[in-house]
2 protein chains.
Amino acid sequence: MEGKDPLRTARDIPLKDIKINSGFWSGYIDLVLDKVIPYQWDALNDRVADAAPSHAIRNIRIAAGLEEGEFHGMVFQDSDVAKWLEAVGYSLAVRPDERLEQLADEVIDLLEKAQQPDGYLNTYYTIKEPGKRWTNLWECHELYCAGHLIEAGVAYYGSTGKDRLLKIVCRLADHIDSVFGPEEGKLRGYPGHQEIELALVKLYRMTGEQRYLRLAKFFIDERGREPYYFDIEYEKRGGRNHWSGNAHPSGSREYNQYHRPVRQQDKSVGHAVRAVYMYSAMADIAAETGDEELLDACRTLFDNITKKQMYITGGIGSTRHGEAFTFDYDLPNDTVYQETCASIGLIFFARRMLDIEKKGVYADVMERALYNSVLSGMALDGRSFFYCNPMEVWPEASMKNPDRNHIKPVRQKWYGCACCPPNIARFIASLGRYIYSVGPETIYVHLYAGSEVKTGLGGGEVALEQETQYPWDGRISINISKAEDQRFVLALRKPGWCTQASLRINGEECSVGSRLKDGYIYIDRVWSQGDRVDLYLDMEPVLVQAHPRLRYNAGKVAIQRGPIVYCLEQCDNGENLAALSIPAETRLETVYDSGFLGGAVLIKCQGYRTNEDVWGEDLYSRLRIDERPVTIRAVPYFMWGNREPGEMLVWIRSR
Amino acid sequence: MEGKDPLRTARDIPLKDIKINSGFWSGYIDLVLDKVIPYQWDALNDRVADAAPSHAIRNIRIAAGLEEGEFHGMVFQDSDVAKWLEAVGYSLAVRPDERLEQLADEVIDLLEKAQQPDGYLNTYYTIKEPGKRWTNLWECHELYCAGHLIEAGVAYYGSTGKDRLLKIVCRLADHIDSVFGPEEGKLRGYPGHQEIELALVKLYRMTGEQRYLRLAKFFIDERGREPYYFDIEYEKRGGRNHWSGNAHPSGSREYNQYHRPVRQQDKSVGHAVRAVYMYSAMADIAAETGDEELLDACRTLFDNITKKQMYITGGIGSTRHGEAFTFDYDLPNDTVYQETCASIGLIFFARRMLDIEKKGVYADVMERALYNSVLSGMALDGRSFFYCNPMEVWPEASMKNPDRNHIKPVRQKWYGCACCPPNIARFIASLGRYIYSVGPETIYVHLYAGSEVKTGLGGGEVALEQETQYPWDGRISINISKAEDQRFVLALRKPGWCTQASLRINGEECSVGSRLKDGYIYIDRVWSQGDRVDLYLDMEPVLVQAHPRLRYNAGKVAIQRGPIVYCLEQCDNGENLAALSIPAETRLETVYDSGFLGGAVLIKCQGYRTNEDVWGEDLYSRLRIDERPVTIRAVPYFMWGNREPGEMLVWIRSR
């Protein structure tokens, strides 16, 4: 099934062939497996004290006829269970766990019972609005939930080889295929929240069933065609909506990205998660079908996001209204949205572009989002989560200014709309996939993490060991642990942030420049067991400035070291972070502090603080510069909010 | 009726005894009389093309039984007519106008016919919900509308001596007094939108009828008592609201300032217009009744606003959500609300505090709001209006970022909720009252404007002529045009912004310092016709900075000259105003440009602009300071938006 794609130039290595076993990420993997997945199981079963009840498992039990009761939660509550199952799927590939597998099998039992004879599976419509299936694709997330369940089925089968869930989701996909399509008598609809498109491509890749790819492509091609499907279904259901009274969908076409056919979309607009899930599917379909026009649209949209609409942390979404993109260079720090799920979705998109084109910019964006906005989404103990990841926090404003009250100064245990926590779990559990991929002659290392990987390459089995303390340290060693004089290419990414890199092969200094193309260092040779490559990426910390059109950051700097963006917290720098400034010529000092929240490189520098005590009561008075030198202490952005709550600031005034 | 007040130390001079006849304000008075009042008459009669129809006059005709039809517009639509009538009242004192008086008399005819036999008068309830009177004080503005009509009645009688409207509003007030009060069988309610309290004090002052003062005091005293009246009426009407579905009023007690008794309120919260209208009434009642506790609450609240919650323009309201105050030092520039009506209300409050205490801080705030946020609310041609007065504008963000879309880059012709345009009209028409007041031995000059005034003082009639080109020029001459060796005190305000002032009496230099107390220069002497006082207030332009706790303005400066705050506009400074910065040591050059929108002092200085052309496509890159010197051109804030639409900025980066 890999053979049909004229644009796909690399493929995933199965997750069970990748072990993240040391350094920075092994702790995160353990956290997700030991804490987050069990905690989320408790949450799905309403057993987390002081957290909003999920009711998600109960909904399935009720739909399965095993319990009496009402549906509770969001119309898309099923998707939380699906994401949890998907995370379990990945986690079982990473590390077998009988108890967890048993829990998952029990949920799969429930799902089997909840599935309707014709393959339909959705607890909201089964319990609450039977007979109303597929009447409100615009708002009601049936296809979205189906998509997540399909992803879970593929993941669970991929790691356990058990096909019960895969069969459930195939029946569901077959049912959907019988309802939607260009043929007479079928609905020409598409999802209000994109997701199923990328899931169907996964299902196609797993099963080889072309119909699933065709259905995915149908949803993508149909989107934005006139007359608009959402207008048609709105009229059909008599102008009554699930969320929004009787508002006509025409008011928000950009929100769901159906304002025009996807190939004609050249700016990222609307709900950010929907957008990047759709772009991911577009890239997948282009990869599988050789659709150059679709690939061009993907390139244009990727450029628009990353050159015009992305926060320095890799986050996207400039407004809470519609959790949405706004327009070029509009990246406010105080009313930012930057949803964790959107950052994960941006990684999905970037990773899929790498399947087609090996360009460092894609991996750079992936890495930027990963180490900053995504990790920020979860507390270091894995027990609380951010939905929005702010660029600055003033806790009193979050409490008392309604324009800021979506910005939480403290991570929450669970959310009524709990999309982000399980999304982080499934993403980190599958992280191996983002580190490596393999082409006909090449193994690509996109991210650096202590790990082992094996794959077929150069006419035999190859195994590599990667050793590194990245992102705290820029030294990476790749040991060829298995190869028998096989010729293949080892492609190591040189990050965009790195201006100085050096390379040794078996101890011998080699040129980086001559091997560098589009952000990857290509080492083409005959490899043997015991060969060793040492890459050194210089991680000098730097002050970063934003494009002058990014008005909100004018006169401000951010601190970055390697892929890590830093921030200031009140507990290190006192109240009123806006009173601090950093001279352009300041020297940034780094120190690795093993006692800081499990270990981190911290940065300090000399700066200034406006003297407040000399001010009287006047709100406004003649300019008089009155500052004192202070030491400014910066911590990695993703670690903020793990100590005493207080102010936080990424963009610092410069002078 | 003046005799009963132990706290009131000055009184208004009747408007017809004050003529604003030259300089800056005479043009505005003409504009309001010649253009704005007639234009608003057209608006009230739905004759302004491309503007939202008001329907306000038609509502009254329908309620009067002269026309068939439905009620249209806001539940408080009557108040627009009342404010227009009040403005006409003032304008007839300023300049007789038979045609206008006839129009007003016709409206008064209609109101007489629309008034119910028991004195009730409100077109919404009469037409649309008869029988539902006084069931939703929380939301439905009956008392608010009554208050505005009472103000109109007092104004119209004051200038014309015609008592038909006064009698209508007395019948209305008597009816309200029969419905509300502490007595058994009456409702212990108070308005959801404060306004009637200050109106009743005016009616008391005009008629001498103590019941009106008592009723005003009842509304103030009752507010915030437990059990909360709005909870009680909510239950009585079965939990159904006018605007907000079945939301319980307890969610928003601060919004209507009934979260606690008014004497215990020490921070300004909630809807800004409601707040300052209420504080104005509190000051009035304290002045009339000698209530020191109420006065203390007024002082505390005035301090809280002006030292913690006021924009440099004298605007208030930090969020669109509830058009409300937020909390101390929270004055965002980009999501500001700063409603024109709220600035006018702040002037009402400050002016009333001056009736009690002669302190320059009150007049300073009055002046700050007057020359900046209030005047900004109306276009220079009097034909379009701002509801919100922003501190910075990026037109694309107003269109495309929903967090900013209340910020209009261009004034609107009329608003569906048209509170601000008629408020500006009635306020400017009555401006004379804010310039002068008179105590037992003293005539106070609070504001400087080319004008004549006469009053009884020092045992006889006194008349003064004030000549000045203020606010463009700091020279003010006061000529005693009538006095016969009368001893009285002339008190001239020395504005808080002025650090250098000089004084001549009949050409002879006199000490300012020895005569200065709390912001007023007291000249106590025997005056004769022909005496002349020359005051010179130095108007050196300055860079102003904000209190360090005002985080949004950290590292920024504003330009101010005299009472006028300046701003930058795109048409003078190019696109992307955030790319500009001003060195702390820059020299501000002023020039009076008579060709600039009717004449204004403009300011220019040397500054810098970040070079954009050297940037590539990257959103973020290493800090490199690359700027070029440019001339920065600033215009008075209140004049912005009267040329080509574009960006605007008050707070400019400093370096």
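If you're wondering where the values come from, they're calculated on a predicted model, not measured in any experiment.
With a 4.5 angstrom heavy-atom cutoff, Val544(A) touches chain B via backbone and side-chain atoms both. Heavy-atom distances place both the backbone and the side chain of Asn576(A) under 4.5 Å from chain B. Using a 4.5 Å cut-off between heavy atoms, Leu550(A) contacts chain B through its side chain alone, with no backbone atom that close. If you measure heavy-atom distances from Tyr329(A) to chain B, the contacts under 4.5 Å come from both the backbone and the side chain. For Asp334(A), the part lying under 4.5 angstrom from a heavy atom of chain B is the side chain only. Neither the backbone nor the side chain of Glu585(A) comes within contact range of chain B; no heavy atom of the residue lies under 4.5 Å from a heavy atom of that chain. With a 4.5 Å cut-off on non-hydrogen atoms, Asp403(B) touches chain A through its backbone and its side chain both. Using a 4.5 Å cut-off between heavy atoms, Arg549(A) touches chain B through backbone and side chain atoms alike.
Residue-environment remark: CD (Gln500(A)) stays at or below the threshold of 12 foreign heavy atoms within 6.0 Å.
Taking 4.0 Å as the cut-off between side-chain N and carboxylate O, Glu396(A) and Arg551(B) do not count as a salt-bridged pair. Look at Glu254(A) and Lys400(B) and you find no salt bridge, because none of the NZ, NE, NH1 or NH2 atoms lies under 4.0 Å from a carboxylate O.
Residues Thr326(A) and Pro402(B) meet the side-chain proximity criterion, which asks for heavy atoms closer than 4.5 Å. Under the 4.5 Å side-chain criterion, counting only non-hydrogen atoms from C-beta, Leu331(B) is in contact with Leu619(A). Considering only heavy atoms from C-beta on, Gln545(B) comes within 4.5 Å of Arg624(A) through its side chain.
Taking chain B as the reference chain and counting heavy-atom pairs below 4.5 Å, the highest number among Glu575(A), Arg655(A), Gln560(A) is found for Glu575(A). Chain B forms more heavy-atom pairs under 4.5 Å with one residue of Thr335(A), Ile312(A), Val557(A), Thr610(A) than with any other, namely Ile312(A). Among Asp303(A), Asn401(A), Leu580(A), the residue with the largest count of heavy-atom pairs under 4.5 Å with chain B is Asn401(A).
Separating the OH atom in Tyr620(A) from the OG1 atom in Thr306(B) is a distance of 10.5 Å, to the nearest 0.5 Å.
At a heavy-atom cut-off of under 4.5 Å, chain B is reached by Ser318(A), Thr319(A), Arg320(A) from residues 313-320 of chain A, listed in order of number. Listed by sequence position, Arg368(A) are the residues of residues 360-372 of chain A in contact with chain B, using a 4.5 angstrom heavy-atom cutoff.
Under the salt bridge (Lys or Arg N to Asp or Glu O under 4.0 Å) criterion, Glu392(B) pairs with no residue at all, not counting sequence neighbours. With sequence neighbours excluded, the residues satisfying side-chain contact (heavy atoms from CB on, under 4.5 Å) with Asp328(B) are Lys267(B), Asn304(B), Lys308(B), Gln309(B).
Closest approach of Pro332(A) to Arg404(B), counting heavy atoms only: CB-NH2, 3.2 Å. The two residues Ala578(B) and Ala554(A) come nearest to each other via the heavy atoms O-CB, 3.3 Å.
Trp394(B) and Phe327(A) have their aromatic ring centers within a separation under 6.0 angstrom.
Using a 30° and 60° split on the angle between ring planes, His547(A) and Trp615(B) fall in the tilted class, from 30° to 60°.
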